[in-house]
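Read through the structure below, which is laid out as structure tokens, and then see the notes.
FYI, side chains are in, hydrogens and waters are out, and symmetry mates aren't considered; it's all heavy atoms of this structure.
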Amino acid sequence: MKTLALVYAAFVIALIFFNLLGNSLVCFLIIKNKTMKTSLNWLLFYLAVADLLVAVFFVYPCILNAFLKQPSGVTGEILCKFFTEGTLGWAAASTSSFLLVAVAFERYFATLYPFRSLNRRRPKWLLPFFSILGILLVIPLMTVLYFDEKTGKCMRKWPSYMSPKVFSASWSLCNSMIPICIMGYLYARIVWHLRNDTFPPGSSRMQMAKSRAKVALCLLSEVVPGGYTTVYLVSTVSALLNSCVNPVIYSLHSRQFRRNLASLCFKN
């Protein structure tokens with residue numbers, strides 16, 4: 001059991017490290033380069049910020065909690081409700097799921113209605129709006145968490161037997177099933193458009209195939225489980241894995257991102 005615990009801890013630490021590295025790089029490249037400050041890239045920036053918060057808020061429950069003793073009193077109650085069980089991390093993961101849908105809509109309009117998408121402005125309100133939605137979804141979890149003085153651990157006190165089942169089902173519906181259905185429809189429309197519509201001169205079949213592959217990868221990112229399940233350890237790893245995959249699939253695969261990254265690394 002100790003070996004498995006060490007392997008799990010090492011894997012989680014690696015996920016958090018690559019999450020912080022990849023998403024910080026995406027944020028830095030978008031802020032540094034004026035040519036990258038497009039409507040889509042700002043959505044990718046917000047997505048990277050949400051994924052960064054997933055890693056930051058999971059540091060305490062996944063790493064620090066094993067070395068620090070849970071304090072009692074009001075401090076213990078606050079830590080239980082917000083940090084020890086990763087509640088804020090789940091809110092950030094929920095925000096990330098909503099932003100993935102926003103990215104899908106942006107790419108849908110950019111592909112099917114390119115001239116209309118040119119006039120779209122930076123969506124400043126999306127990150128705070130989706131963050132509020134994510135927090136609202138975890139409020140039921142916050143209300144049932146409390147610090148047990150006898151065991152010295154965070155416990156949950158649900159009002160009824162069905163309450164945790166309803167919460168888990170509603171969480172999976174809002175953060176997995178509905179986003180996957182919406183993204184599946186949008187990316188299916190994009191693939192159909194790339195396959196059947198005419199393209200301007202210079203667009204080769206290889207470029208079309210690459211575009212379809214990118215669409216499939218984007219949908220795969222949401223299929224990677226990131227929702228709250230009954231098995232806490234598995235759901236935590238899946239949420240961290242999803243936030244690690246996002247910067248690779250949505251940003252760093254882009255030729256523009258890679259070009260700016262190369263210029264940053266080899267500018268001297």
Side-chain angles (χ1 to χ4, degrees), residues 1-20 23 49-98 130-177 224-244:
M1 293 297 293
K2 285 186 177 181
T3 303
L4 289 176
L6 289 174
V7 171
Y8 174 81
F11 185 58
V12 168
I13 291 173
L15 288 178
I16 291 175
F17 172 78
F18 286 112
N19 180 316
L20 295 173
N23 288 295
V49 171
D51 288 333
L52 276 172
L53 292 177
V54 172
V56 170
F57 288 129
F58 274 134
V59 167
Y60 185 87
C62 294
I63 302 175
L64 298 181
N65 195 36
F67 303 98
L68 301 177
K69 183 180 179 180
Q70 181 81 8
S72 59
V74 178
T75 304
E77 288 286 337
I78 294 175
L79 287 176
C80 279
K81 290 184 179 296
F82 293 97
F83 298 102
T84 307
E85 293 294 304
T87 310
L88 291 179
W90 294 117
S94 181
T95 303
S96 177
S97 296
F98 298 147
F130 287 149
S131 298
I132 293 173
L133 285 181
I135 293 173
L136 289 176
L137 286 176
V138 297
I139 283 180
L141 182 60
M142 289 182 181
T143 57
V144 300
L145 284 168
Y146 71 97
F147 179 72
D148 188 2
E149 297 285 351
K150 294 181 179 179
T151 61
K153 296 180 180 179
C154 295
M155 307 293 288
R156 302 178 188 184
K157 187 177 181 180
W158 296 96
S160 66
Y161 172 76
M162 289 300 297
S163 296
K165 299 181 183 297
V166 172
F167 173 73
S168 297
S170 61
W171 178 271
S172 298
L173 180 68
C174 294
N175 290 284
S176 294
M177 296 178 64
V224 173
Y228 186 86
T229 64
T230 55
V231 183
Y232 179 78
L233 298 180
V234 175
S235 58
T236 301
V237 169
S238 65
L240 287 170
L241 180 61
N242 191 62
S243 61
C244 281

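For the pair Pro159 and Val144, the tightest heavy-atom approach, listed with the atom from each and the gap, is CD-CG1, 4.3 Å. In terms of heavy atoms, Thr95 sits closest to Ala50 at CG2-CB, 4.1 Å. Residues Glu85 and Cys154 come closest through the heavy atom pair OE2-CB, 3.9 Å. Listed here is the closest heavy atom pair of Gly73 and Glu149: N-OE2, 3.6 Å.
Atom CD1 of Ile132 and atom CG of Leu137 lie 12.0 Å apart (nearest 0.5 Å). Expressed to the nearest 0.5 Å, how far OG1 of Thr87 lies from CD1 of Ile135 amounts to 11.0 Å. Atom-to-atom distance recorded for Leu64:CG and Phe83:CZ is 11.5 Å, nearest 0.5 angstrom. Going from atom CG of Leu145 over to atom SG of Cys80 covers 6.5 Å, rounded to the nearest 0.5 Å. Put simply, CG on Asn242 and CG on Asn19 are 10.0 Å apart, with the number rounded to the nearest 0.5 Å. Distance check, rounded to the nearest 0.5 Å: CG of Leu53 to OG of Ser131 gives 7.5 Å.
Without hydrogens or angle criteria, Ser170 side chain to Phe167 main chain gives a donor-acceptor distance under 3.5 Å. Not a single donor-acceptor pair under 3.5 Å links the side chain of Ser168 to the backbone N or O of Lys165. Looking at Asn23, its side chain does come within 3.5 Å of a backbone N or O of Ser243 through a donor-acceptor pair. Under the 3.5 Å distance criterion, the side-chain polar atoms of Ser172 are left unmatched by any main-chain donor or acceptor of Ala169. Of the possible polar contacts, none joining the Ser96 side chain to the Asp51 backbone as a donor-acceptor pair under 3.5 Å is found.
The shortest distance between side-chain heavy atoms of Thr236 and Val12 does not fall below 4.5 Å. Residues Leu20 and Ile16 have side chains in contact (heavy-atom distance under 4.5 Å, counting atoms from C-beta outward). You'll find the side chain of Val138 stays beyond 4.5 Å of the side chain of Lys81, heavy atoms only. At least one side-chain heavy atom of Phe98 sits under 4.5 Å from a side-chain heavy atom of Ser94. Taking 4.5 Å as the limit, some side-chain heavy atom of Arg156 sits within range of a side-chain heavy atom of Leu141.
When the shell of 6.0 Å around OH of Tyr60 is examined, it contains more than 12 heavy atoms from other residues, nucleotides or ligands.
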